[in-house]
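In this text, all values refer to a predicted model and were calculated from it rather than measured experimentally. For the numbers below, each heavy atom of this structure counts, side chains included, while hydrogens, waters and symmetry mates do not.
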Amino acid sequence: MRIAYVRVSTEEQNEARQREALESYNIEKWYCEKRSAKDTNRPQLEAMLAFARSGDVIYIHDFSRLARNTQDLLELVQRMQQKGIQLVSCRESVDTETATGKLMLTMIAAINEFERAILLERQKEGIAIAKREHRYKGRKRISKSEDFEQLFEKYQKHEISKSEIARQLKVSRPTVDRLILEE
């Protein structure tokens, strides 16, 4: 069976580019998710690995869609190989069934990890310079809403948790902590 795995990092991102690149492979089953590769809880990836059987081929747009670091990628590929599943990365034109493909997989994974580290370093440097020049404002603060007031009352009565407030307001737990402290 021809299986595709498509992943984007955030809800706002669109997987159309990856889907279009994979359509020419006559994919029979698609697994798509919107989660960061840093997140080890990727339900669609796990569902795909549980579904795939010996002889199946998994197609990905590129290795960065499967894993964020070399170790994670190599572990995933090893799991696939143990089940007799072939992995094909379309962008890099790498097939893990060949010796050359296995070598390329390791090299490309290391390069991807290096690129990611460099990107994060540059981002930190840019933020540090912007802060020093008083140009960095950070994320816009989330203000209290009527919904928060109602949820806060329930929280005080021990009817809901901070996590539930965060979920309903679609904010992080630290943001809820800050809002409660300000209350």
Self-check item: From Cys90 atom SG to Tyr59 atom OH, the distance as rounded to the nearest 0.5 Å
Solution: 7.5 Å

Practice problem: Carefully, step by step, assess Lys170 and Asp147 under the rule salt bridge (charged side-chain N to carboxylate O under 4.0 Å, His left out). | Solution: CA-CA 11 Å; Lys170 296 182 178 141; Asp147 292 340; over 6 Å; no

Quiz prompt | Side chain proximity check, Glu115 to Leu119, heavy atoms < 4.5 angstrom | solution = no

Quiz prompt | Distance, nearest 0.5 Å, that separates CZ of Arg91 from OG of Ser64 | solution = 7.0 Å

Self-check item: Test side-chain hydrogen bond (donor to acceptor under 3.5 Å, both in side chains) applied to Tyr5 and Lys29, Gln18, Glu33, the passing residue
Solution: Glu33

Quiz item: Any side-chain heavy-atom pair from Val88 and Val57 closer than 4.5 angstrom?
Solution: yes

Quiz item: Under a single-linkage definition using a 4.5 Å side-chain heavy-atom cutoff for Ile, Leu, Val, Met, Phe, Trp and Tyr, are Leu45 and Ile60 assigned to the same hydrophobic cluster?
Solution: yes

Self-check item: Any Val94 side-chain heavy atom under 4.5 Å of Phe63 side chain
Solution: yes

Quiz item: Out of curiosity, Met48 CE to Gln44 CD, how far, rounded to the nearest 0.5 Å?
Solution: 9.5 Å

Self-check item: Pairwise distance CZ(Arg79) to CD(Gln82) - rounded to 0.5 angstrom
Solution: 9.0 Å

Quiz item: Should Met80 and Leu22 be regarded as members of a common hydrophobic cluster, given that ILVMFWY residues are connected when their side-chain heavy atoms come within less than 4.5 Å of each other, either directly or indirectly?
Solution: no

Self-check item: Lys83 side-chain N/O to Leu49 backbone N/O, donor-acceptor pair under 3.5 Å
Solution: yes

Quiz item: Going only through I, L, V, M, F, W and Y residues with side-chain contacts under 4.5 Å, is there a path from Met1 to Ile58?
Solution: yes

Quiz item: Should Lys34 and Thr10 count as side-chain neighbours, where that means a heavy-atom distance under 4.5 Å?
Solution: no

Practice problem: Determine the minimum heavy-atom distance between Leu76 and Ala67, stating which atoms define it. | Solution: CD1-CB, 4.3 Å

Practice problem: Evaluate the side-chain proximity of Ile27 to Ile3: yes if any heavy-atom separation is below 4.5 Å, no if none is. | Solution: no

Practice problem: Rounded to the nearest 0.5 Å, what's the gap from NE2 on His61 to CG on Leu66? Could you check? | Solution: 13.5 Å

Self-check item: Donor-acceptor pair, side chain of Arg65 and main chain of Arg7, under 3.5 angstrom
Solution: yes

Quiz prompt | Atom CZ of Arg2: over 12 foreign heavy atoms under 6.0 Å | solution = yes

Exercise. Without swapping roles, check the side chain of Arg135 against the backbone of Arg132 for a donor-acceptor pair under 3.5 Å.
Key: no

Self-check item: Linked, directly or transitively: Ile180 and Val171 (ILVMFWY side chains, under 4.5 Å)
Solution: yes

Quiz item: Would you say the side chain of Ser89 lies within less than 4.5 Å of the side chain of Met104, judging by non-hydrogen atoms?
Solution: no

Practice problem: Start with the C-alpha gap between Arg167 and Glu164, add the side-chain angles, then the distance that decides, and say whether salt bridge (charged side-chain N to carboxylate O under 4.0 Å, His left out) holds. | Solution: CA-CA 5 Å; Arg167 190 186 67 70; Glu164 180 60 21; 2.7 Å; yes

Quiz item: Would one find more than 12 heavy atoms of other residues, nucleotides or ligands at under 6.0 Å from atom CZ of Phe51?
Solution: yes

Quiz item: Can you list the steps and then say if Arg178 with Glu182 is a salt bridge (charged side-chain N to carboxylate O under 4.0 Å, His left out)?
Solution: CA-CA 6 Å; Arg178 180 184 58 79; Glu182 290 173 359; 2.8 Å; yes

Quiz item: Can you check side-chain contact (heavy atoms from CB on, under 4.5 Å) on Phe152 and Gln156, steps first, answer last?
Solution: CA-CA 6 Å; Phe152 182 64; Gln156 287 179 314; 3.2 Å; yes

Practice problem: Nearest 0.5 Å please: distance from the CD atom of Glu121 over to the CD1 atom of Ile118. | Solution: 4.5 Å

Self-check item: Shortest non-hydrogen separation from Arg35 to Pro43 and the atoms involved
Solution: NE-CD, 3.5 Å

Quiz item: Leu151 versus Glu149: any side-chain heavy-atom pair under 4.5 Å?
Solution: no

Practice problem: Taking Asp56 for its side chain and Ile85 for its backbone only, find out whether a donor-acceptor pair lies under 3.5 Å. | Solution: no

Quiz item: Any side-chain heavy atom of Trp30 sitting closer than 4.5 Å to one from Arg19?
Solution: yes

Self-check item: CD/Glu20: more than 12 non-hydrogen atoms of other groups inside 6.0 Å
Solution: no

Exercise. Determine the minimum heavy-atom distance between Asn14 and Val8, stating which atoms define it.
Key: O-CG1, 3.8 Å

Quiz item: Just by distance, do the side chain of Gln13 and the backbone of Ser9 share a donor-acceptor pair under 3.5 Å?
Solution: yes

Quiz prompt | Whether Glu15 side chain and Val6 backbone form a donor-acceptor pair below 3.5 Å | solution = no

